[in-house]
Amino acid sequence: MDRVIIFDTTLRDGEQSPGASLTVEEKVDIAHQLERLGVDVIEAGFPISSPGDFQAVQRIAREVRGATICGLARAVPADVDRAYEALKEAEDPRIHVFISSSDIHMAHQIRKGRGEILELTGAMVRRAKGYVSNVEFSPMDATRSDREFLVEILRVAIEAGATTLNIPDTVGYAMPEEFGDLIAYLIEHVPGAEKVVFSAHCHDDLGLAVANSLAAVRRGARQVECTINGIGERAGNCSLEEVVMALRTRSEYFGIDTRIDTTQLYQTSRMVSNYTGIIVQPNKAVVGANAFAHASGIHQDGILKERTTFEIMDPRDVGLRGSTLVLGKLSGRHAFKARLEELGYHLSPEDLNRAFARFKELADKKKVVTDEDLAMIVSDEVRSPAEIYRLDFVQVTCGDHSIPTATVRLIGPDGVALCDSSTGTGPVDAVYKAVNRLIKVENRLIEYSVQSVTAGLDAIGEVTIRIEADGRIFGGRGADTDIIVASTRAYVNALNKLIAARQAAAVGR
Ligand code: KIV
Ligand code: ZN
């Protein structure tokens with residue numbers, strides 16, 4: 001059977017989701033999980049964009065085997081050189097060069113004419129080719145570009161040595177049939193098209209990223225660029241799990257498959273959601289909490305008689321097990337470590353100690369500790385960015401006949417304990433005001449959400465927040481069986497990121 005290359009850009013385009021910034025350690029964990037999932041290409045980052053991005057691409061290039069590792073570069077020499085520098089230890093490095101090709105971008109964004117764009121394309125693809133044999137080229141905003149100019153720019157890229165031509169629907173503007181037609185047109189008209197792989201890169205502004213990508217595959221694209229949970233710039237990118245399961249479930253229709261081990265999909269989705277703090281909507285196809293939940297009596301009756309009456313996919317095929325009971329109070333360190341490794345978390349001995357201590361604390365409060373709880377422990381306890389302020393304790397009084405009051409104690413950067421109290425309109429408001437009295441960093445809370453990680457009254461509550469300051473959004477998350485504690489952790493987590501970003505900006509100045 002013919003095969004589609006799965007190019008995952010969770011760590012690059014996905015990380016461009018507002019507030020989704022990931023630490024280097026988190027990116028390395030995700031890259032290892034993507035390797036287990038069987039993706040063909042991992043776009044690990046945009047090395048010139050920040051020292052953190054460079055470091056993450058370099059670590060992933062060194063450590064991950066079995067997948068091509070890709071780094072993004074604008075069509076400028078410094079970007080291409082920096083991308084190679086980060087990628088050079090990869091088993092199979094790929095440099096991805098892009099430049100705008102639509103008139104609207106050329107006039108208002110990049111401010112260059114067609115001739116200059118063609119020159120830069122040829123020169124920068126050749127420069128990348130001087131470093132690596134595997135070069136991808138993307139004409140940004142391709143779907144709003146002049147077709148004849150697209151043919152020309154892609155011809156130049158092939159002549160300069162590009163091996164993959166990616167066609168981005170940068171602003172999510174295309175319709176499925178139209179996008180499929182564009183791919184077929186380019187394959188037919190670009191000289192040398194038979195020597196390269198055509199790729200689809202679709203954004204979801206009109207909710208059509210998956211449909212557009214599948215239409216592209218039908219018309220000859222053999223690479224799809226996508227992200228876990230469909231995260232990404234604005235409305236996001238094509239969702240990996242949806243496109244892969246569509247190709248697998250309807251193999252008789254597409255006649256084409258991927259190398260993906262679909263049983264790793266759910267775990268990968270959870271890891272990305274935990275680390276980015278971007279919640280998966282319950283009705284999300286394939287990995288949403290309700291994707292395999294049957295509410296109507298007629299459907300339940302059908303499922304009990306024969307699963308396939310109302311289920312087109314087997315939940316086990318996407319990694320959902322019947323029972324999620326894993327560990328409990330009596331489980332030892334060995335079983336804990338083994339289960340974490342099965343879930344894709346390989347911790348250093350010190351990190352394992354911290355995670356195990358948190359597990360024991362949780363197992364005292366909760367009868368069973370599930371896989372979701374374990375993932376939460378790792379993201380909350382181990383992988384949170386360097387703690388500048390650490391929550392020592394929080395105490396609240398609230399109720400319908402009292403004024404909500406919170407006392408918070410934090411350990412500051414120099415190890416000194418800071419304590420203060422505040423009242424508020426509710427317990428969370430009181431906590432946040434008390435924290436503000438201790439960490440005097442102005443910000444605006446723009447999103448607060450709480451969800452339970454698993455079912456049951458003793459479930460862990462996962463709080464995700466977003467705050468805005470300095471024109472940027474910072475995400476924070478916290479987890480605990482007590483949602484006030486989880487809310488405090490989430491706020492301190494977001495403030496730590498904000499302060500770290502200010503410190504990094506001050507160093508760079
Ligand atoms: O959406 C886009 O155009 C991109 C390019 C950098 C490929 O992400
Ligand atoms: Zn994109």
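Residue numbers start at 1 and run along the sequence shown. Whatever order the structure lists them in is the order used to number ligands and atoms, beginning at 1.
Note that CG of Leu320 and OG1 of Thr263 are 11.0 Å apart. Values are rounded to the nearest 0.5 Å.
With the Zn ion (ligand 2) as the vertex, atom NE2 of His201 and atom OD2 of Asp13 span an angle of 90° (nearest 10 degrees).
Using bins of under 30°, 30° to 60° and over 60° for the plane-to-plane angle, the ring pair Phe98/Phe46 lands in the perpendicular bin. Ring-plane geometry between Tyr131 and Tyr84 is classed as parallel, the angle between the planes falling under 30 degrees on a 0 to 90 degree scale with a further cut at 60.
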(message) Is there a side-chain hydrogen bond (donor to acceptor under 3.5 Å, both in side chains) between Ser239 and Lys284? Walk through the geometry before answering.
(response) CA-CA 10 Å; Ser239 140; Lys284 164 91 171 63; 3.2 Å; yes
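Only the side chain of His203 comes within contact range of ligand 1, with a heavy atom under 4.0 Å; no backbone atom does. Heavy atoms from both the backbone and the side chain of Thr170 come within less than 4.0 Å of ligand 1.
The shortest N or O to N or O distance between Arg12 and ligand 1 is under 3.5 Å. Between His201 and ligand 1, a contact under 3.5 Å exists for at least one N or O pair. An N or O contact shorter than 3.5 Å is missing between Asp141 and ligand 1 by distance.
Look at Glu225 and you'll find every heavy atom at least 4.0 Å from all atoms of ligand 1.
Residue contact check: Met140 has heavy atoms under 4.0 Å from atoms 3 (O) of ligand 1. Atoms of ligand 1 lying under 4.0 Å from at least one heavy atom of Pro168, given by number and element, are 2 (C), 3 (O). Within ligand 1, counting atoms from 1 as listed, the ones closer than 4.0 Å to a heavy atom of Asp13 are 8 (O).
A 4.5 Å side-chain heavy-atom check between Ile260 and Glu241 finds every atom pair outside the cut-off.
Looking at Asp103 and Arg114, a side-chain N of the basic residue comes within less than 4.0 Å of a carboxylate O on the acidic one, giving a salt bridge.
In this structure, Phe310 places its CZ atom where more than 12 heavy-atom neighbours from other residues, nucleotides or ligands lie under 6.0 Å away.
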